[in-house]
Amino acid sequence: MKRTYTSLLSLDSGCVKLCGWVHRLRDHGGVIFLDLRDKDGLLQCIIEEALNPELYQAVRSLRSEYVICVKGQIRKRPEGTQNPRLKTGDLELVVENLEVLNKCETLPFQIDDSSPISEELRLKFRYLDLRRESSKNALIFRHKLSQSIRNFLINEGFIEIETPLLTRSTPEGARDFVVPSRLNPGKFYALAQSPQLFKQTLMIAGFDRYFQFARCLRDEDLRADRQPEFTQVDIEMAFIDEEDIIDLIERMLSLAFSELLNIELKRPFDRISYEDALLTYGSDKPDRRYGLEIADITSILKDTSLQVFANAIKDGGVIRALNVKASLSRSQIEQLIEFTKSLGSSGLAWLKVEGQKLTSPIAKFITKEQADSILRTLKSSDGDTILIFAGPKDLAIKVMGALRSHLIKELKLKAEGFDVLWVVDFPLLEFDPLQNRFVALHHPFTSPKESDIELLSSNLENASRIRARAYDIVLNGYEIGGGSIRIHRRELQELMFKALGMKEEEYLEKFGFLLDALSFGAPPHGGIALGLDRLCAIMLGLDSIRDVIAFPKTQKGICPFTSAPGDISASHMKELYIKSIAPSAHLS
RNA sequence: GGAGCCGUAGUUCAGCUCGGUCAGAACGCCGGCCUGUCAAGCCGGAGGUCGCGGGUUCAAGUCCCGUCGGCUCCGCCA
């Protein structure tokens, strides 16, 4: 007899065979209820002593998570004993035959969602953890999300192509994981940080529309939303511009939200410039659901009599304000001021709105007109507390942004739903004082806006004003994707490398293959990469991408299941022409 | 590299602030009873090097120092 699944049963299933795990046993003496769990769900099986004493004894000796195969008749449960919480709650299986396929040791934790289990233990026994509804469902959701995206892209005419994981290390970007080459002593591969150059090459090869669910590897410190290996939905198109990519992704995500969550995202998605994002939210990946917008009130206070503000303006700085939309106590305000001081601020001014009046140590320095203007700009009402920073612009962004996130946490503000937006108009380059040179904000293959190219070719005096043809997509305060229109002409790419401080010799050595490819009829092209792990976690309302990865690593990069990374033998190392200089290196 | 929180039966936690009935609860596990439960119920039992090391003290789960591990964050990283 062919086995079936709990999800396929009905009143007229008749005699069936089911395989699975003993989820729970309820022994009433004379009758035992056994909940059988398979990949789809639970089914109550019943065994009566009076009907089959031998079978009854066999079932009595079963334990949690034994692997069994049962045969018997499906029947309707007696009136009043149905369980509406089970999909099979109207049915039960009268067991006629039991086969024990495997036993199970006493479990390190129970296979249910009734009590929390430490993540450390869950990951060590991941195969048990994944038997639990919530853990299993996260992976099933991820599968459905991947399928939705894959189907959409295939329908749009995209070709799925795999690219190498073993590639070469390139400057810029994250730290590489490195693999010694046995066949090339002393040489190393780098594991791909992303398929960036390969997908551009595919455009040059004429593939027009490419996608891939690409594994990416980066040797950087971990976070709740960062693992050393993760998955990108990698997309590239030729003969397109920003609007094509943006439209494609908006349709793709709308479909996924609709199919999986039954939520209709409002299209087109909002767009905000990088500069506005930094001003209004102090972040290039804002979560707008909390409000708490930052406002620039420099111009309102340009004639202020308050020395601190006047000095800030005189030194070319700004004055920015945040309406907390709550009445904070003096000690709360003091704590916030201390917090901002730890970020390099010299302090904060504050105003409280009480009965259409401002109460504050600085209130007497603010004219009626200034006060009205500030209250209007910050949409303030009675009981609000307004925090004000005056100082250099960069510090203002940092302090107000950190203050905003801090307040969201401290005031335990709750946000629901999904806030999706594009961040656009990124600068192409950013000056790095440590290296004393410009670095690419996105990556070195991002095209500058046509009108700004001349700023790149001149003496780089105004290089930080060059805007990039780049776009990020942000969901609930997480960057879930980013992309750009690429440089497709060799001359421009060389110009870019030079702007990044590379000598011709150097970029030819490291990127000669790309420059050559660009010189053989490279079409204009661009693309995007979406972080599948993040997208999936946010859609499920989970705090960590570890919950949507089957076998994630801990914060120290250790796999609790296999204990990787581990030692390798001396002979193994010799074969690879490498030596360890780690103090704890342990040769076996 | 830095900051914070956490580590006590198999599990989830209480006990730590004020050192001395502080080895405790619930669930799980083992045994028994029980014919309609479904997180079954009732009775009984086993189970802990309080992460590890050092110090203070007559006495440390509790105080101090160090260390290891997990998590969150900064730096780092699309």
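Throughout, protein chains are lettered first and strands after them, A, B, ... in sequence-line order, and every chain is numbered starting at 1.
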Which part of the nucleic acid does [X] contact within heavy-atom distance under 4.0 Å: base, sugar-phosphate only, or nothing?
X: A:D112; result: nothing
X: A:R75; result: base
X: A:E92; result: base
X: A:Q44; result: base
X: A:Q196; result: nothing

How many whole angstroms separate atom [atom1] of [X] from atom [atom2] of [N]?
X: A:Y56; N: B:U35; atom1: OH; atom2: P; answer: 8 Å
X: A:D27; N: B:C30; atom1: CG; atom2: P; answer: 12 Å
X: A:E410; N: B:G4; atom1: CD; atom2: P; answer: 16 Å
X: A:K124; N: B:G69; atom1: NZ; atom2: C1'; answer: 12 Å
X: A:F33; N: B:A39; atom1: CZ; atom2: C1'; answer: 15 Å
X: A:L25; N: B:C33; atom1: CG; atom2: C1'; answer: 17 Å
X: A:I47; N: B:U37; atom1: CD1; atom2: C1'; answer: 12 Å
X: A:R24; N: B:A39; atom1: CZ; atom2: C1'; answer: 5 Å

Return the 5'-most residue of the pair A:T106, A:V31 with respect to RNA chain B, ranking by each residue's nearest nucleotide.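 By nearest-heavy-atom nucleotide position, the 5'-most residue is A:T106.
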Which residue, A:P78 or A:D543, contacts RNA chain B at a nucleotide closer to its 5' end, judged by nearest heavy atom?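 In this pair, the answer is A:P78.
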Using the [atom1] atoms only, state how far [M] lies from [N], rounded to an integer number of Å.
N: B:G47; M: B:C65; atom1: C1'; value: 33 Å
N: B:U12; M: B:G7; atom1: C1'; value: 13 Å
N: B:A40; M: B:U35; atom1: C1'; value: 13 Å
N: B:U62; M: B:U8; atom1: P; value: 13 Å

Counting primed atoms, P, OP1 and OP2 as sugar-phosphate and everything else as base, the B/S/- map of nucleotides 9-14 of chain B against protein heavy atoms under 4.0 Å is -SSS--
Per-nucleotide protein contact along nucleotides 73-78 of chain B, 5' to 3', at a 4.0 Å heavy-atom cut-off (B base, S sugar-phosphate only, - neither), is SBBBBB
Of all heavy-atom pairs between A:G527 and A:I245, which one has the smallest distance, and what is that distance?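 Minimum heavy-atom separation between A:G527 and A:I245: CA-CD1, 3.6 Å.
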Contact summary for A:A463 and A:F438, nearest pair of heavy atoms: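 Heavy-atom minimum between the residues: CB-CZ, 3.6 Å.
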Counting side-chain heavy atoms from CB outward, which of B:U72, B:A39, B:C33 is closest to A:N83?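 Given the options B:U72, B:A39, B:C33, the side chain of A:N83 is closest to B:A39.
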Kindly point out which of B:U35, B:C71, B:C38 is positioned nearest to the side chain of A:R546?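 In terms of side-chain proximity for A:R546, the closest of B:U35, B:C71, B:C38 is B:C71.
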[X]: partners by ring pair (Phe, Tyr, Trp, His ring centres under 6.0 Å), with sequence neighbours left out:
X: A:F426; answer: A:Y274
X: A:H488; answer: none
X: A:F418; answer: A:F257
X: A:Y5; answer: none

Phosphate contact ([N] OP1 or OP2) by [X] side-chain N/O below 4.0 Å:
X: A:K556; N: B:G70; value: no
X: A:R26; N: B:A40; value: yes
X: A:R63; N: B:G31; value: yes

Opposite nucleotide pairing with [N], Watson-Crick or G-U, both atom distances under 3.5 Å:
N: B:C71; value: B:G4
N: B:C27; value: B:G10
N: B:G19; value: none

Check whether the ring centres of A:F511 and A:F445 lie less than 6.0 Å apart, and answer yes or no.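 Here the rings of A:F445 and A:F511 have centres that are less than 6.0 Å from each other.
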Holding to salt bridge (charged side-chain N to carboxylate O under 4.0 Å, His left out), I want the full list of residues that pass it with A:K393, two or more places apart in sequence or in another chain.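 Listed in chain order: A:E275.
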Contacts of A:S169 that satisfy side chain to side chain contact (heavy atoms under 4.5 Å, CB included) - sequence neighbours left out: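 Only A:D176, A:A190 meet the side chain to side chain contact (heavy atoms under 4.5 Å, CB included) criterion with A:S169.
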Between the side chain of A:D38 and the main-chain N/O of A:T6, is any donor-acceptor distance below 3.5 Å?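 Looks like yes, one N/O pair under 3.5 Å.
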For the side chain of A:E49 and the base of B:U35, is some donor closer than 3.5 Å to an acceptor across the two?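 Checked by distance alone, the answer is no.
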All N/O donor-acceptor pairs, side-chain side in residues 544-551 of chain A, below 3.5 Å, sequence neighbours left out:
{"residue": "A:S544", "atom": "OG", "partner": "A:R546", "partner atom": "N", "Å": "3.0"}
{"residue": "A:R546", "atom": "NE", "partner": "A:E119", "partner atom": "OE2", "Å": "2.4"}
{"residue": "A:R546", "atom": "NH2", "partner": "A:E119", "partner atom": "OE1", "Å": "3.1"}
{"residue": "A:D547", "atom": "OD1", "partner": "A:R122", "partner atom": "NH2", "Å": "3.4"}

